[in-house]
Protein chains: 2
Amino acid sequence: MKQTTEGYRRIEPTTLMAPLPVVMVSCRDPESGRANIVTAAWSGIVNTHPPMLSLSLKPERYSYGIIRASGEMVVNLVDRRHARACDFCGVRSGRDVDKFQTLGLETVDVEGCSVAPGIAGMPVHLGCSVEEIRPLGSHDLILAQIRSVSVREDLFDGDGSMHLERAGLICYSHGLYQQVGDVLGFFGYSVARPEVYRERMQPFQGERDRKASGRGRK
Amino acid sequence: MKQTTEGYRRIEPTTLMAPLPVVMVSCRDPESGRANIVTAAWSGIVNTHPPMLSLSLKPERYSYGIIRASGEMVVNLVDRRHARACDFCGVRSGRDVDKFQTLGLETVDVEGCSVAPGIAGMPVHLGCSVEEIRPLGSHDLILAQIRSVSVREDLFDGDGSMHLERAGLICYSHGLYQQVGDVLGFFGYSVARPEVYRERMQPFQGERDRKASGRGRK
């Protein structure tokens, strides 16, 4: 095996997967009744049936104990409008500050959770129940089942189709928050018939044209 | 608990986390010597020390058996140029087609892996060893340690700083491949001093201006 590969530079083994989802996880201490939010990029989908996600947290995080004790959490997808709040919830501790109050955020009830609230105004709420917690080293891996999904009304078309691409979601990539941008294709587009490709890509082409002409939403 | 929350529509519980990383995972059958690529969006970082990632695959996927038998895989981050190849590797099986050959892709050696190859030209190779496999239902959760990280040379500045935001990475969001776009902030920007914020955001502001004036790379 070669020690180096031409055109590549080796760096120390590190968590350089990107982009990653960045989510705001809301929870509530069942004893004190206090709600908190923690931001996490070490998260993802781990199973389709039943729908499950993973969230890795350092055990010393304030929310870790709450999620562990309550067995519940709400994963809130994050749009551009909440990027600053998202960052804030990643760098400040709920031990020191009431994040809902400080950020002017409100809680909402989320189906499938009896104590954990969602954050009002976020594009999507995933109501989750904790199934298992596994220590891995610096972080504990929380495996959770998605018990409910609520989507903001404005992300549906008149015909009931959901358009998550209009939410302006953000992601996390090597220390940066970045906007999720242009649609490049749909699942299966590489093998789709040309007429299917044209039809399914047409709405996104329009979106790009609007942006290019400066008439798009920011 | 209310059954519905104003402004939200409930849908069936499903894997609606977004955006997600979409990676091309390369592997090699230790017996036949045959290399394959599988695309996965059910993946993410699960631990910092040691660096670990997760990858969930259906056990019936051709690559699943190879990764299980070899105990190795290379996670390749995906840029816009490889979006079609990425989709193709998600909808076709290595049982039916030699994906490297069909897509005109080449293998490269990756440090820390004795059999699994990387895909030449991808922005980042993460050489991984499988630590544990847990069945969750439809998918098996593969927990792997990141043993090596190789980054394409052109993503480094003259001073050795890495600029992953120049790679043009893509993500996966509710059935769509989307470009990772504008930089909105850096980790900690919500509490940064104004002068720190200006200095650290300045390079990305320039990038946006170049794009807006049509002089940027596509």
Side-chain angles (χ1 to χ4, degrees), chain A residues 1-2 5 7-11 13-21 42 44-51 53 56 83-84 87-88 91 108-109 124 136-139 141 146-151 153 164-165 169 171 174-191, chain B residues 1-2 5 7-11 13-21 42 44-51 53 56 83-84 87-88 91 108-109 124 136-139 141 146-153 164 169 171 174-191:
Chain A
M1 191 173 64
K2 282 182 286 187
T5 298
Y8 285 86
R9 192 179 299 190
R10 270 188 72 203
I11 63 172
T14 182
T15 53
L16 194 65
M17 181 181 259
L20 295 169
W42 288 188
I45 292 292
V46 292
N47 199 53
T48 304
H49 304 290
L53 55 78
S56 282
R84 258 176 199 278
D87 180 62
F88 185 86
V91 294
V108 292
D109 292 338
V124 175
L136 292 177
S138 56
H139 289 62
L141 174 67
I146 300 168
R147 300 287 179 176
S148 76
V149 177
S150 301
V151 182
E153 280 287 353
L164 196 59
E165 78 279 4
L169 297 177
C171 63
H174 191 232
L176 298 175
Y177 303 95
Q178 291 184 257
Q179 183 73 62
V180 173
D182 286 348
V183 174
L184 306 175
F186 50 88
F187 181 75
Y189 83 108
S190 66
V191 297
Chain B
M1 190 175 61
K2 283 182 287 186
T5 298
Y8 285 86
R9 192 178 300 190
R10 272 189 70 203
I11 62 171
T14 181
T15 54
L16 193 65
M17 181 181 259
L20 296 169
W42 287 188
I45 292 293
V46 292
N47 199 53
T48 304
H49 304 292
L53 55 79
S56 282
R84 258 176 200 279
D87 180 61
F88 185 86
V91 294
V108 292
D109 293 337
V124 174
L136 293 178
S138 57
H139 288 64
L141 174 68
I146 300 168
R147 300 288 180 175
S148 76
V149 177
S150 301
V151 181
R152 224 172 47 207
E153 279 287 352
L164 196 59
L169 297 178
C171 62
H174 191 232
L176 299 175
Y177 304 94
Q178 291 184 257
Q179 183 72 62
V180 174
D182 286 349
V183 174
L184 305 176
F186 50 88
F187 180 75
Y189 82 108
S190 65
V191 297

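Hydrogens, waters and symmetry mates play no part in the numbers below; they use all other heavy atoms, side chains included. Just so it is clear: chains get the letters A, B, ... in the order the sequence lines come, proteins before strands, and each one is counted from 1.
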Report task. Please round to the nearest 0.5 Å and tell me the distance separating atom NE2 of A/His49 and atom CG of B/Leu136. Result ->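 Interatomic distance, A/His49 NE2 to B/Leu136 CG, rounded to 0.5 Å: 13.5 Å.
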Query raised in the report: Looking at CD of A/Gln178 and CG of B/Asp182, how far apart are the two atoms once the value is rounded to the nearest 0.5 Å?
Result: 8.5 Å
Requested in this report: Determine whether B/Pro19 and A/Cys171 make a side-chain contact, defined as any pair of heavy atoms from C-beta on separated by less than 4.5 Å.
Outcome: yes
Query raised in the report: With a 4.5 Å heavy-atom cut-off, do A/Val151 and B/Tyr8 have their side chains touching?
Result: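 No, their side chains stay 4.5 Å or more apart.
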Can you say whether [X] sits under 4.5 Å from chain B via the side chain, the backbone, both, or neither, judging by heavy atoms?
{"X": "A/Arg9", "result": "both"}
{"X": "A/Leu141", "result": "side chain"}
{"X": "A/Leu176", "result": "both"}

Report task. Among A/Ile11, A/Leu169, A/Val91, single out the residue with the greatest number of heavy-atom pairs under 4.5 Å to chain B. Result ->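 Most heavy-atom pairs under 4.5 Å with chain B: A/Ile11.
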Query raised in the report: Top residue by heavy-atom pair count (under 4.5 Å) with chain B, among A/Gly44, A/Pro51, A/Ser138, A/Ser56?
Result: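 Option with the greatest count: A/Ser138.
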Shortest non-hydrogen contact between [X] and [Y], atoms and distance:
{"X": "B/Tyr177", "Y": "A/Phe186", "value": "CE1-O, 3.5 Å"}
{"X": "B/Thr5", "Y": "A/Asp109", "value": "OG1-O, 2.8 Å"}
{"X": "B/Ala83", "Y": "A/Leu184", "value": "CB-CD1, 4.4 Å"}

Report task. Under the side chain to side chain contact (heavy atoms under 4.5 Å, CB included) rule, what do A/Val46 and B/His139 come out as? Steps first, then yes or no, please. Result -> CA-CA 7 Å; A/Val46 292; B/His139 288 64; over 6 Å; no
I'd like to know if the side chain of [X] reaches the main chain of [Y], judged simply by a donor and an acceptor atom lying under 3.5 Å from each other, with no hydrogens or angles considered.
{"X": "B/Thr15", "Y": "A/Thr48", "result": "no"}
{"X": "B/Glu153", "Y": "A/Gly7", "result": "no"}
{"X": "A/Asp87", "Y": "B/Tyr189", "result": "yes"}

Requested in this report: Dump the intermediate steps for side chain to side chain contact (heavy atoms under 4.5 Å, CB included) on A/Val191 and B/Phe88, then the final yes or no.
Outcome: CA-CA 7 Å; A/Val191 297; B/Phe88 185 86; 3.8 Å; yes
Query raised in the report: Most heavy-atom pairs under 4.5 angstrom with chain A, which of B/Pro50, B/Ser148, B/Gly175?
Result: B/Gly175
**Report entry** Side chain, backbone, both or neither of B/Ile146 within contact of chain A (heavy atoms, under 4.5 Å)
**Finding:**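 Both parts, backbone and side chain.
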